[in-house]
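Let me begin by presenting the structure, written as structure tokens, before commenting on it.
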Amino acid sequence: MTRTATLWSLFGLAAFLMLPWYMTTGSLLSFDWVSDAPSRPALWQLGLGRWWLAGPGLALLAALVVGVLPMPPVARARAWVLSGAAGLALLAGQGLMILGAGPRLAILGEASQPGMGLGALVVALSLLFVLTTGISAMGRGRGDAFVTGLVGLIVALVGVFVFYPMAFILVQAFALKDGAGFGLSEFLPRFFATQTWSFACLTGGGYCGPAVNSLVLGILTGLGTTLLGLAFALVFSRTDFRAKKLLRVLTILPIITPPFVIGLALILLFGRSGTLTEFFAWAFGMEKTRWLYGFWGVWLAQMLSFTPIAFLVLIGVVEGISPSMEEASQTLDADRWQTFRRVSLPLMRPGLANAFLLGFIESLADFGNPLVLGGNFNVLSTEIYFAIVGTVADPAKAAILSMILLAMTLGAFVAQRRWLGKKSYATVTGKADNGQHASLNPGLKWTCYLTVLPWAAFTLMIYLLILFGSFVKLWGYNHSFTLEHYRNAFRIVMRNGVHFIGSAWDSYFSTLAIAAIAAPLTAAVGLATAYLLVRQSFFGKDAFEFSTMLSFAIPGTVIGVAYVMAFNFPPIELTGTAVILVLVFMFRNMPVGVRGGIAAMSQLDRSLDEASIMLGANSFTTLRRVILPLMGPAILAAMTYSFVRAITSVSAVIFLVSARHNLATNFIVGRVENNEYGIAIAYSVVLIVTMLLAILLLQAVIGRRRLRRTDRVAV
Amino acid sequence: MKYPTISALALTAAMAASAASADQLNVVCSNEQTWCDLMAQNFKIDTGIDVAMVRKSTGEVLAQLRAEKGNPKVDVWWGGTGDPHIIAASEGLTTASGADVSGLLGWAQNMTEMTEGRAIGVHVGLLGFIYNSEVLAEKGLAAPACWRDLAKPDYKGEIQVANPNSSGTAYTELATLVQLFGEDEAFKVLAEIGANVNQYTKSGSAPVKATARGETTIGIGFMHDMVKLKKEGFPVELVAPCEGTGYELGAVSVVEGTPNLEAAKKWVEYVISAEGQSPGLEVGVYNIPSNPDAATDPDAPDMASIKLIDYDFATYGASDTRERLLARWETEVKNAGGAIEE
């Protein structure tokens, strides 16, 4: 314990003395201390009159001294907590009070400073870990410095990258008109405005409010994707269906599809002049209508887009259910339906609940599908977008609608918790566990087949159509074959070396680089959080859990604007860099890692951890050697998902992409707006292929977990 | 767990920071992507200044400039409808570039004068409508020629137009009708047209595209978009309304507080020059350039042959007028029926 705290103090002091304190223009690691003032370390900055930097340094020094002085352990722990907390407060305080170019608080006169850099980051982390080591030395968190450190790290990250930016937006909700300050007088009437909550479309005449629309759509999408996802998962794990590989690809395709593409394909099939519409009109004399533009169109597109997410959550859970339980049930003379209904299904509850929660939240935050297919069906996410970028900008309205959206997410979250209750769902235990999964009874099996196969065929058709669209001159009108779209986007000239001159290359490379950096970080933060939530108990766990879900529930547009407002100025100045893109992906996609991790980890029996701890391993070793190897599918899902989402998400990054770091989706949206569907789809096809290859690579590297039982199905 | 996270964070931070180097012009472009790319390429060849370019819609740019006020990350904003440029100028988000506009057409000079040099006109786009001749024939309808034709009950469920709350194009249409017919009469006509509207789209260019693909019969939008679709081979015809029509002014603005003012000024001078504007035809830009010497396409609408109103940008661009007209539109047009979901 003493060693940990002392090491962190030394580490922090080293950064204080040697690493560049501020973000420099050249590079974070520039050591050009002579000519470039911001790159000098904190100690040197003190000499330049920046006396306020002394605080964090002194706190580290104090922590170091405490570790060396002879004193009773409890007093020493208290001293660490005190010095760590004081150092962090001083660091944050000076950062928020003394700003760069445009001071927000001018109390301290002329003082100014650039945004924090590497030195500040390392010092802050060191102070944090001194603080958490102190807390564990006081006996909290079972005296485990690793656990308290992890909790502290995640709380700090979520605080800085979720709460801090969100505060900028939410404050706007209470802004009074014409800059008259802040208050509740306008907030409540606007929050409960009839325009937002109107049920007019149900009672006949008029439009329903966006809040009602979002809620209904979210519930139906959540239910629909969960059921379909379950059907897919059952076909995979409980039947001897032959073309499982093909199905697997089909369930992955929609997640790796850039936005707008599914919507466009649906229009070309089911729009008023769509291929299928024309066919039905010709064959059966059905009238050509515009039914696609509205609730049903959006719902269909969301079902196509989000069923795979439900599947990814459910497959791990369904596969993880111990066959012994099912065998026990059958031994007790239950038939296959009873076994499924009374044993397997209840054990799937964490998976079902998490799948529904994800589907619901995804539907609420979805922006691309309602934009393309919504017609007059307005939902919160599009309303929020246009409150920010519309003809009359109304940030207060955007903030209030965001809060409604958040409230709905909170509601779904609480409902999920109540439904799951406090039961145990552990089915992967350390005990000898062998056997065969019970296969489905014929009725259920055929229901699954009849749901899954037509849906798979439908998905396949959409993707063939997309592929077709990328090779024809003018999709829908001129179907002569061409490679022009691919050439425009991805031309390479081999003359005096290789030149990537196609228009898409720039955004393609930066998208891949950013996604590749963000994916492992997202998975790490997400699974670490899941580990804490499932395996550790600490004060404020429920609030902690909800706070990690927040960033997912807030629509991307709001996050994007919040990030620009929060991170455009010191103390943390990140706009225009690739870091801000990596961060926004990390904290936006982290909840999926958390949910998947929780679902998978609830199945691992605690006796495994206990056995490991009893054999002398600490919690870090237990996590690394026992839990992580059993979490293969969850890690794979989290990595895959965050990689893919970093490539396909649109609304959050629209404000954050910069000229130097443009992303593929922004490029595609621009082309779609300009009616250049050909190049947009060709680019999408290339992205889809890239992501498929990446997923296969990940699968090969991470592999499947071995539960020492065969994945066969009793027939 | 801790160590890899820290080193990975540091690595990303270092990567990002090292990629950022000075002496480069950051342009945010609200035109079509191909036109953005071509202009950046030509500018780089002709001036030797490196350009980093990103495309965003005007509303997004305005929201970003507001959020970044005081510490902007872009130097120049080029293209897109003029209203957001005028708003940005009035909010002090942009600054005068000092470029010489004396050689430009009258409307571009007026815009410069109105914004005290902050926004300079680069193109004009004329408002009109488009119909899909195949669908029109199938339904046995007559082609519309005037704004008032659109109000005829024959076209019930056949017309598509954007929602002026989200789209600058649709707001231009609203303001045009108000200036053409007077406010009360205009809202009467709009409500009658509204009864025929099948969908108020969010994006301004969506109705025109939907018409080309036969998803709606008639769409209202900008004529240069329509010319392009017609040239691409869609079965569509353009209509310049007989009563006269309004237009948008595309603009270029230099962002207040840019560290690259000199290069930014060069960009402004380049995009209003004839050699800067002429290549637009190569990538299908059919709006009317602000430099009289720039090349134009014979099929593109030109201002001389179309009846135009004297669009009052100062009045109808002001936010109080906008809010009043939009509130009135919400109650008198949108909630008065129409928007039929078949």
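The aromatic rings of B:Phe222 and B:His224 lie parallel to each other, with less than 30° between the two planes, well short of the 60° mark. Taking the six-membered ring where tryptophan is involved, the planes of A:Trp8 and A:Phe129 are tilted, since the angle between them lies from 30° to 60°. Relative ring orientation between B:His85 and B:Trp77 is described as parallel, the plane-to-plane angle staying below 30° on a 0-90° scale split at 30° and 60°.
At a 4.5 Å heavy-atom cutoff, B:Pro84 makes no contact with chain A through either its backbone or its side chain. Residue B:Thr81 does not touch chain A at all, counting heavy-atom pairs closer than 4.5 Å. At a 4.5 Å heavy-atom cutoff, the contact between B:Lys69 and chain A is made by backbone atoms alone. Contacts of B:Ala212 with chain A are made by backbone atoms alone, with heavy-atom separations under 4.5 Å and no side-chain atom involved. Proximity to chain B is limited to the side chain of A:Tyr677, based on heavy atoms less than 4.5 angstrom apart. Interface remark: B:Gln41 contributes no atoms to any contact with chain A (heavy atom separation under 4.5 Å). Contact of A:Leu268 with chain B is made through the side chain alone, with heavy-atom distances under 4.5 Å. Within the 4.5 angstrom heavy-atom criterion, no atom of A:Thr277 approaches chain B. Proximity to chain A (any heavy atom under 4.5 Å) is shown, for B:Thr58, by neither the backbone nor the side chain. Of the two parts of B:Leu326, only the side chain, counted from C-beta on, holds a non-hydrogen atom closer than 4.5 Å to a non-hydrogen atom of chain A. Heavy atoms of B:Val208 lying under 4.5 Å from chain A are absent altogether.
The aromatic ring centroids of B:Tyr171 and B:Tyr316 lie 6.0 Å or more from each other.
Formation of a donor-acceptor pair under 3.5 Å by the B:Ser166 side chain with backbone atoms of B:Asn163 is found in this model. Judged by distance alone, the side chain of B:Glu256 and the main-chain N or O of B:Gly92 form no donor-acceptor pair under 3.5 Å.
Most heavy-atom pairs under 4.5 Å with chain A, from the set B:Met53, B:Gln33, B:Glu215: that is B:Glu215. Considering only heavy-atom pairs separated by less than 4.5 Å from chain A, the leading option among B:Ser57, B:Pro235, B:Ala170 is B:Pro235. The candidate from B:Gln64, B:Gln160, B:Lys228, B:Glu68 with the greatest count of non-hydrogen atom pairs under 4.5 Å with chain A is B:Glu68.
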Q: Could you walk me through whether B:Trp329 and B:Tyr200 pass ring pair (Phe, Tyr, Trp, His ring centres under 6.0 Å), step by step?
A: CA-CA 12 Å; B:Trp329 182 85; B:Tyr200 288 110; 5.1 Å; yes
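When the shell of 6.0 Å around CG of B:Asn165 is examined, it contains more than 12 heavy atoms from other residues, nucleotides or ligands.
Side-chain contact between B:Leu229 and B:Met226: absent, with no pair of heavy atoms (C-beta onward) separated by less than 4.5 Å.
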